[in-house]
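The figures here come from the full heavy-atom set of this structure, side chains too, leaving out hydrogens, waters and symmetry mates.
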Amino acid sequence: ALQYISFAGNATSDRTCTNLTVCYPGWGGQYEQVPPTLTSDRVCTWYSTCNETEYEYVAPTLTSNRVCKAVTVCDNRTSYEAAAPTATSDRQCSLYDYPPKIPRVDTKGYFDTLMIWDQYNVSV
């Protein structure tokens, strides 16, 4: 149906039908928040927009709003950003290896790995 009954009519007036409101979907568009009935119009609502600290967790549909979630913040003391966030994906954090390793050249010229223990107050 393209119309709903906006006035049921009475003994002196005919029933009145009104065209249903059209929701305009698309990026930044509208979704149908309340569907129409025989006697009421549909209610359209604008899609929410994720801000710069959020990403789109669930995409909008014709009948549901977009769901935004806060972008994960990596704890720089224990992790680093392994993958940057996008408009539709979260930031991925990876844990550092502890204790950290740095390359060094030993006396024979071969690369070796030196563990930095002193910054963790560990005696070697």
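To the nearest 0.5 Å, atom CG of residue Leu2 and atom CG of residue Asn19 are 7.5 Å apart. Once rounded to the nearest 0.5 Å, the distance linking CD of Glu32 with OG of Ser64 reads 11.0 Å. Atom CG of residue Asp41 and atom CD of residue Gln3 lie 11.0 Å apart, to the nearest 0.5 angstrom. Separation of atoms OG1 (Thr53) and NZ (Lys69) is listed at 14.0 Å; rounding is to 0.5 Å. Summarising the geometry, atom OG1 belonging to Thr88 is positioned 10.5 Å from atom CZ belonging to Arg66; distances are rounded to the nearest 0.5 Å. From Gln33, atom CD reaches atom SG of Cys44 across 9.5 Å, with rounding to the nearest 0.5 Å.
Heavy atoms from other residues, nucleotides or ligands lying under 6.0 Å from CZ of Phe7 number more than 12. Annotation: Asn10, atom CG; neighbour count of heavy atoms from other residues, nucleotides and ligands within 6.0 Å is above 12.
Here the closest heavy-atom approach between residue Cys68 and residue Thr49 is recorded as SG-C, 4.1 Å. Looking at every heavy atom in both residues, Thr37 comes nearest to Ser40 through OG1-OG, 2.6 Å. Minimum interatomic distance between Ser48 and Asn65 (heavy atoms only, all atoms of both residues): N-OD1, 2.9 Å.
The ring pair (Phe, Tyr, Trp, His ring centres under 6.0 Å) test applied to Tyr4 returns no partner, not counting sequence neighbours. When the disulfide (SG to SG under 2.5 Å) test is applied to Cys17, no partner is found at least two apart in sequence or on another chain. The ring pair (Phe, Tyr, Trp, His ring centres under 6.0 Å) search around Tyr80 returns Tyr96, not counting sequence neighbours.
Without hydrogens or angle criteria, Ser6 side chain to Thr16 main chain gives a donor-acceptor distance under 3.5 Å. Of the possible polar contacts, one joining the Tyr47 side chain to the Thr61 backbone as a donor-acceptor pair under 3.5 Å is found. Panel note: side chain Arg91, backbone Thr72; a donor-acceptor pair is recorded below 3.5 Å. Side-chain N or O atoms of Ser13 include none that pairs as donor or acceptor with a backbone N or O of Gly9 at under 3.5 Å.
Hydrophobic clustering (side-chain heavy atoms under 4.5 Å, transitive across Ile, Leu, Val, Met, Phe, Trp, Tyr) groups Tyr55 together with Val67.
Using a 4.5 Å heavy-atom threshold, the side chains of Arg42 and Cys23 count as touching.
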